[in-house]
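Protein chains get the first letters and strands the later ones, always in sequence-line order, with residue 1 at the start of each.
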Amino acid sequence: MHDIRAIKDDPAAFDAAMVRRGSDVRASNLLAIDEKRVATVKAMNDAQAEQKAASKKIGAAKASGDEAAAQAVMAQVGQLKETVQTLEQQERTLAAKLHDTLLPIPNIIDTDVPEGADENDNTELRRWGTPNEIAEAKDHVDLGEALGMMDFETAAKIAGSRFVILKKDLAKLERAIASFMLNLHTEEFGYEEFLPPVLVSPEAMTGTGQLPKFEDDAFKTTDHRFMTPTAEVTLTNTVRDTLLSEDELPKRMTAWTQCFRAEAGSAGRDTRGMIRMHQFSKVELVSITTPKASDEEHERMTSCAEEVLKRLDLPYRTMLLCAGDTGFSATKTYDIEVWLPAQKQFREISSCSNTRAFQARRMQARYRAEGQKKPDFVHTLNGSGLAVGRTMVAILENYQQPDGSIAVPDVLQPLMGKAKIEA
RNA sequence: GGACAGGUGGCCGAGUGGUCGAAGGCGCUCCCCUGCUAAGGGAGUAGGCGGUUUGUAGCCGUCUCGAGGGUUCGAAUCCCUUCCUGUCCGCCA
C-alpha cells in the first residue's frame, strides 16, 4: 500500500510510476479524497475539543456540588454530541474510502528496472553452467510415467486436472529435494525453519497483496479462509501488527509448504506435466529487514536460491524482470530460470522480490531504529528457494540416462539412499 | 460443539462511571556516582491522525485500553455483537 503523504509530496513522480506500471491510477483522484478527509478530521477534532471541554465543566460543577451549573452546561452539550457523531461518521467513511482506493494500487517499480511489457523484455544478468544438449531428450512426463512413478491420470480421476500423484522413488525425491533445500538455508544461510498453516485469513492475504485484487487466483474455503498460494503469505504475516527493535533484524525465515493456485486465466498454458499445477510444494525464503539493508538482502537472498541450483549442478540464468513483468507487490524482482533440455529452454524456478515497505504498510509491521523515537516500517522480501516440483522436473530432464533411469545428483544421494532411480 | 475465565503501553501488570493515555515493575535513553565488572541515585520513555513549522525537533488538538456498535454530558470501567487466548468437558489425527 502506498503512503498518501508520499503521493502528496510528489504527485508527478507517483503518476509517472503508475504509467510505467500501465496503470491508469492518478494522484489527483487520491489527493481529492484525502483533502476531504483532512478537512473533516479538522472539523471533527474541533467539535470534539468543544465537547470535551464542556464535559469537564460538568464534572467540575458536580464535584463542587453546583448541580444547577452542571444542568445548564448539560443542556448545551446535547447538540454538540450530534455534530461530533456526524463528523466522526464522515471521517470514517472517507478514511475507509481512501484505504480501499489505495489497496488495489500496485507498488512503485525501482528506477533501475528496465522498461518492457512482458517476459520477452526481461534482462539476463548472469548464467551458470552449460545447458545440456541431450540427444532425443525425453521430457519429465515421459520419464516419470515410464518409471511408473508419476501418475497424472489417476490424479485427474480423484482431484481433476493439474494435479499429480508421485510414487515410490519420485515421492521420496520430493522429500529429499525439500530436505536438501531446507538444510542448506537453515544450516548455512541462517534462515529459521517454519512449518506454518496453509489456510489463512483474508487479512493475511491482504497483508501480502494477494487481496483484494487477485482473489480469483486463490482457492477459498467455505469458512472464508484461503489456501495459501505461497508460504510468503504466512511467513511475512508473522510480523503483522508488531513493533520490532532494530537488533531483531534481519529476520530470515524459510518453510516447505504445499502451495495452492487456482490458475485462473492460465487455461491452455503448460497443461502438460508438472510445470503449472493447482498444488505444488515450494521452499520459501522471507526476510524482514531495515530499509537501508533491503537492497543488499535482495541480492543475498537471490544468491541463496542460486546456490541450490549450483549444488544440484543444474544450469541456470538469472533475469531482472522488466517493468511490465514485475508483480503487484514488488519494486524489483529477479527470476532464476533453470535449463530444461527437453524443452530446450530456461524455465522459471525461483522469483525473488523486494517489496520494500509496501507489504509492511498493509500489515502495520514496524521497527524502531536504534536511538530513534518514531517507529518506521520494515522492508519485506520474499523468494523461492526453490519450487520443489519444478526442481524435480529439472533433475529428471537433466539427469536422464539413455535407458530411462535417472542419476541422483550427488548432494541428494545421502537423502535418497541411492545413486540411481530406475523402474 | 458446551461451560467458565481473560484480552490494558516494547514486555509484565494495576485500575469497575469524571482531570486515566492509564499506578507499579521490567526493558530502553540521558545524567550523576562508582578507578574495571557488578551495584546504586535522578530524569525521561506509547501509537495513529490533524494543525503549527523549512523540518522526520518542539508545541497544540484529537483519537486509541482486542475489534465493532450502544448507554451516558462523560466509558479501560456498564450493555450488545464479534474475534482471539486460557482452562475444563465432549469429539478427534
Decide whether N237(A) and R240(A) meet the rule of one side-chain donor and one side-chain acceptor closer than 3.5 Å.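 Distance-only check passes for N237(A) and R240(A).
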
Quick one: do the E232(A) and T208(A) side chains pair a donor with an acceptor below 3.5 Å?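 T208(A) and E232(A) do not have a side-chain donor-acceptor pair below 3.5 Å.
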
Under 4.0 Å between a side-chain nitrogen and a carboxylate oxygen: does that hold for [X] and [Y]?
| X | Y | value |
| --- | --- | --- |
| R272(A) | D142(A) | yes |
| D295(A) | R356(A) | yes |
| R347(A) | D270(A) | yes |
| E307(A) | R311(A) | yes |

Does N354(A) offer a backbone N or O that forms a donor-acceptor pair with the side chain of T331(A) under 3.5 Å?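 Here the side-chain-to-backbone pair exists.
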
Look at the side chain of D15(A) and the backbone N and O of A27(A), then say whether any donor-acceptor pair between them is shorter than 3.5 Å. yes

Answer with base, sugar-phosphate or nothing: what part of the nucleic acid does Q51(A) contact at a heavy-atom distance below 4.0 Å? sugar-phosphate

What distance, rounded to whole Å, do you find between the two [atom1] atoms, one in [N] and one in [M]?
| N | M | atom1 | value |
| --- | --- | --- | --- |
| U29(B) | C88(B) | P | 41 Å |
| A3(B) | G25(B) | C1' | 35 Å |
| G47(B) | C65(B) | C1' | 12 Å |
| G15(B) | G1(B) | P | 33 Å |
| C63(B) | C11(B) | P | 24 Å |
| C20(B) | U82(B) | C1' | 27 Å |
| G13(B) | G18(B) | P | 25 Å |
| G10(B) | A46(B) | P | 9 Å |

Just the rounded figure in Å: distance from [atom2] of [N] to [atom1] of [X].
| X | N | atom1 | atom2 | answer |
| --- | --- | --- | --- | --- |
| K8(A) | U56(B) | NZ | P | 12 Å |
| I33(A) | G50(B) | CD1 | P | 15 Å |
| R368(A) | A46(B) | CZ | P | 9 Å |
| R37(A) | C49(B) | CZ | P | 8 Å |
| E91(A) | G48(B) | CD | C1' | 11 Å |
| K52(A) | G21(B) | NZ | P | 6 Å |
| R361(A) | G48(B) | CZ | C1' | 14 Å |
| Q364(A) | G66(B) | CD | P | 18 Å |

Per-residue pairing states of RNA chain B in dot-bracket (Watson-Crick or G-U under 3.5 Å; . unpaired, | other strand) read ((((((((.[[[..)..(.....]]]((((((.......))))))(((((((.....))))))).[[[[[..)....]]]]])))))))....

Going from CZ on F152(A) to OG on S161(A), what distance comes out if it is rounded to the nearest 0.5 angstrom?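 If I round to the nearest 0.5 Å, the distance is 11.5 Å.
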
On RNA chain B, compare the nucleotides closest to K374(A) and A49(A); which residue's is nearer the 5' end?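 Here K374(A) is the residue nearer the 5' end.
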
On RNA chain B, does the nearest nucleotide to A54(A) precede the nearest nucleotide to Q89(A) from the 5' side, or the other way round? Give the residue. Q89(A)

Compare every heavy atom of N122(A) with every heavy atom of D118(A), then report the nearest pair and how far apart it is. O-OD1, 3.8 Å

Under a 4.0 Å heavy-atom cut-off, which of residues 39-47 of chain A touch RNA chain B? V41(A), N45(A)

Going through the distances and angles, do F226(A) and F219(A) end up as a ring pair (Phe, Tyr, Trp, His ring centres under 6.0 Å)? CA-CA 6 Å; F226(A) 289 87; F219(A) 290 109; over 10 Å; no

Under-4.0 Å side-chain N/O to phosphate OP1/OP2 contact, R92(A) with C63(B):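 Looking at the OP1 and OP2 atoms of C63(B), neither is under 4.0 Å from any side-chain N or O of R92(A).
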
Strictly below 4.0 Å: does Q48(A) bring a side-chain N or O up to OP1 or OP2 of G61(B)? no

